Amino acid sequence: MTLSIRGFAALSETAPLAPHTFTRRDPRPDDVVIDILYCGVCHSDIHQARNEWHNSIYPMVPGHEIIGRVSDVGPQVTGFKKGDLVGVGCMVDSCQHCASCAEGLEQYCEEGATLTYNGVDRHDNLPTYGGYSDRIVVSHKFVLHLSPKLDLKSAAPLLCAGITTYSPLRHWKVGAGSKVAIIGLGGLGHMGLKLAKAMGADVSLFTRSPGKEAEARRLGASHVILSTDSAQMKAAVGQFDLILDTVPHQHDLNPYLPTLSRNGTHVLVGLLGPLDPAVNSVLLIHGRHSVAGSAIGGIAETQEMLDFCSEKGITADVEMIDIGQINTAYERMLKSDVHYRFVIDMASLKTA
Ligand code: NAP
Ligand code: ZN
């Protein structure tokens with residue numbers, strides 16, 4: 001039995017997303033079949049739908065912030081049963097035997113993790129399709145448990161925006177006394193503010209948008225720095241142990257580097273591509289600063305993050321949309337008009 005699926009897809013890099021019917025594989029013995037309830041909208045969905053990373057496969061069904069209910073499990077599935085509320089993030093498989101996978105860092109799988117969409121399944125070589133759809137089939141190893149304490153709609157963005165900010169905050173050992181700055185108040189940025197604050201850090205926001213100050217403070221920032229104001233940038237020199245940079249496009253890192261404290265690190269999570277302009281090494285050497293990158297988080301760490309959020313009462317601030325509004329949502333994200341994550345109510349597929 002091949003599963004017939006309803007979803008929304010991009011058919012080319014210039015086409016708006018539109019209704020699309022496709023099939024998913026017969027469930028394998030270790031698979032969980034999930035009825036999708038909600039799916040968050042990540043800026044990566046725009047990059048991928050529009051082939052901005054030059055590796056897009058069409059038709060493409062985006063979506064990697066998936067919340068749903070288990071409708072079936074294969075005979076080898078452990079830990080999940082029909083009716084469970086679950087999450088799926090950016091990966092659905094990995095080689096399971098390299099050093100990274102052995103450490104639970106499947107996102108750094110040496111053979112390449114299988115992405116939830118715009119990937120190729122490593123067993124049947126068929127393309128993967130994401131969460132802008134009514135059902136998904138995923139190996140139980142890549143399905144996450146959701147605490148009943150989490151609000152389902154606003155938990156969806158934790159599966160990508162949450163883990164992508166949580167993982168570097170943990171890796172660079174953010175805790176009480178840390179001084180952290182987030183660049184960009186969008187989906188990732190607002191989760192970065194909430195999570196760093198919950199870990200005990202003093203958190204600041206760099207934004208190029210005047211008028212985000214009150215919102216940033218509500219979300220956990222104690223300082224807001226307008227990055228276009230050189231006086232405000234100068235006043236921030238030497239402050240931050242960690243800068244988490246969520247900006248999706250090319251931008252100049254050099255103005256931010258002097259705001260690092262000695263040994264401070266500027267972590268890129270937003271931009272995938274060359275730095276232009278280049279980083280001036282004087283700004284690294286002076287102060288022993290680092291520029292680093294970080295990708296999502298492993299499955300065990302994603303579960304840890306979900307449990308941390310449940311314990312601390314953290315979810316995303318979301319604006320619910322119907323799937324028919326997805327193209328408008330993309331345009332609004334490109335104008336930074338998102339507060340702070342769009343989440344699609346997948347019940348709307350029935351009428352779209
Ligand atoms: P988003 O919701 O659109 O937010 C991005 C924010 O960055 C904007 O709200 C804006 O904040 C700021 N910004 C946008 N364009 C800018 C520019 N040209 N210069 C300076 N600032 C700019 O995006 P998102 O969903 O958070 O995703 C952010 C990036 O992370 C995307 O590129 C996405 O692909 C990437 N990502 C990476 C990973 C990973 O594993 N590393 C995982 C998920 C997503 P202000 O108005 O406050 O300036
Ligand atoms: Zn994402």
Side-chain angles (χ1 to χ4, degrees), residues 42-43 154 157-158 161-162 164-170 172-262 264-271 283 287 289-292 294 309 312-319 332-342:
C42 180
H43 205 111
S154 50
L158 301 180
T164 302
T165 47
Y166 182 91
S167 184
L169 292 170
R170 282 286 188 234
W172 275 277
K173 301 191 169 35
V174 165
S178 305
K179 293 191 79 176
V180 173
I182 309 292
I183 311 182
L185 184 54
L188 268 57
H190 97 291
M191 287 312 308
L193 290 180
K194 291 186 186 203
L195 291 168
K197 168 93 176 170
M199 291 175 190
D202 180 57
V203 196
S204 298
L205 174 74
F206 286 109
T207 175
R208 58 180 184 154
S209 306
K212 285 192 175 176
E213 179 154 356
E215 281 286 277
R217 288 186 189 281
R218 177 181 67 77
L219 294 164
S222 54
H223 310 278
V224 179
I225 302 150
L226 196 57
S227 55
T228 51
D229 181 328
S230 54
Q232 290 189 33
M233 292 300 281
K234 206 166 170 192
V237 164
Q239 296 283 313
F240 303 116
D241 308 318
L242 188 74
I243 296 177
L244 204 55
D245 184 338
T246 76
V247 174
H249 305 289
Q250 264 174 353
H251 58 291
D252 189 359
L253 264 53
N254 294 294
Y256 297 100
L257 297 175
T259 70
L260 290 168
S261 58
R262 178 163 39 82
T265 304
H266 184 127
V267 186
L268 293 160
V269 291
L271 172 70
L283 302 174
H289 298 154
S290 308
V291 173
S294 182
C309 287
K312 301 277 183 185
I314 297 174
T315 51
D317 285 32
V318 303
E319 180 175 340
R332 284 184 53 193
M333 284 168 76
L334 290 171
K335 289 188 275 187
S336 294
D337 178 20
V338 49
H339 314 277
Y340 285 89
R341 200 59 143 184
F342 292 111

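If you're wondering where the values come from, they're calculated on a predicted model, not measured in any experiment.
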Residues Glu213, Leu205; criterion side-chain contact (heavy atoms from CB on, under 4.5 Å); working and verdict: CA-CA 9 Å; Glu213 179 154 356; Leu205 174 74; over 6 Å; no
Test log, rule side-chain contact (heavy atoms from CB on, under 4.5 Å), inputs His339 and Asp317: CA-CA 7 Å; His339 314 277; Asp317 285 32; over 6 Å; no
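Looking at Ser222, its side chain does come within 3.5 Å of a backbone N or O of Val203 through a donor-acceptor pair. Under the 3.5 Å distance criterion, the side-chain polar atoms of Lys194 are matched with a main-chain donor or acceptor of Thr315. Looking only at distances, no side-chain donor or acceptor of His43 sits under 3.5 Å from a matching main-chain atom of Pro248. Judged by distance alone, the side chain of Thr207 and the main-chain N or O of Leu226 form no donor-acceptor pair under 3.5 Å. Side-chain N or O atoms of Arg341 include none that pairs as donor or acceptor with a backbone N or O of Glu319 at under 3.5 Å. Put simply, the side chain of His289 gets close to the backbone of Ser261: a donor and an acceptor are under 3.5 Å apart. A donor-acceptor pair under 3.5 Å is absent between the side-chain atoms of Thr259 and the main chain of Val237, judged by distance alone. A donor-acceptor pair is defined here as one N or O able to donate and one able to accept, closer than 3.5 Å; no such pair exists between the side chain of Ser167 and the backbone of Thr164. The main-chain N or O of Val247 is never found under 3.5 Å from a side-chain atom of His249 such that the two would form a donor-acceptor pair. Under the 3.5 Å distance criterion, the side-chain polar atoms of Asp241 are matched with a main-chain donor or acceptor of Lys179.
Leu169 and Thr165 get closest at one heavy-atom pair: CG-O, 3.1 Å. Shortest non-hydrogen contact noted between Gly162 and Leu195 is O-CD1, 3.5 Å. Smallest separation of non-hydrogen atoms from Pro168 and Leu244: CG-CD1, 3.6 Å. Nearest heavy atom pair, residue Thr246 against residue Gly189, reads CG2-N, 3.9 Å. Taking all atoms of both residues into account, the shortest heavy-atom contact from Ala201 to Val174 is CB-CG1, 3.7 Å. Annotation for Asn254 and Pro258: closest pair O-CD, 3.0 Å, computed over non-hydrogen atoms.
Taking the side chain as every heavy atom from C-beta outward, Leu268 and Leu253 approach each other to under 4.5 Å. Asp202 has its side chain within reach of His223: a pair of non-hydrogen atoms, C-beta onward, lies under 4.5 Å apart. Met199 places none of its side-chain heavy atoms less than 4.5 Å from the side chain of Lys173. Annotation: side chain of Ile225 is in contact with side chain of Met233 (closest heavy-atom distance under 4.5 Å). Looking only at side-chain heavy atoms (C-beta outward), Val224 and Lys212 stay at 4.5 Å or farther from each other. Here the side chains of Val318 and Pro157 are in contact, with some heavy-atom distance below 4.5 Å. Counting heavy atoms from C-beta on, the side chains of Leu219 and Leu185 come closer than 4.5 Å.
Scanning for ring-ring contact (aromatic ring centres under 6.0 Å, His included) contacts around Phe240 gives Phe206, with sequence neighbours left out.
Taken from CZ in Arg170 to OG in Ser294, the straight-line distance is 13.5 Å, to the nearest 0.5 Å. Note that NZ of Lys335 and OG of Ser209 are 13.0 Å apart. Values are rounded to the nearest 0.5 Å. The CD1 atom of Ile243 sits 11.5 Å away from atom OG of Ser290, with the distance rounded to the nearest 0.5 Å. Going from atom CD1 of Ile183 over to atom NE2 of His251 covers 5.5 Å, rounded to the nearest 0.5 Å. Of the inter-residue distances, the one linking Leu257 atom CG with Thr265 atom OG1 reads 10.5 Å to the nearest 0.5 angstrom. One distance of note links CG of Leu193 with CZ of Arg218; it measures 10.5 Å at 0.5 Å rounding.
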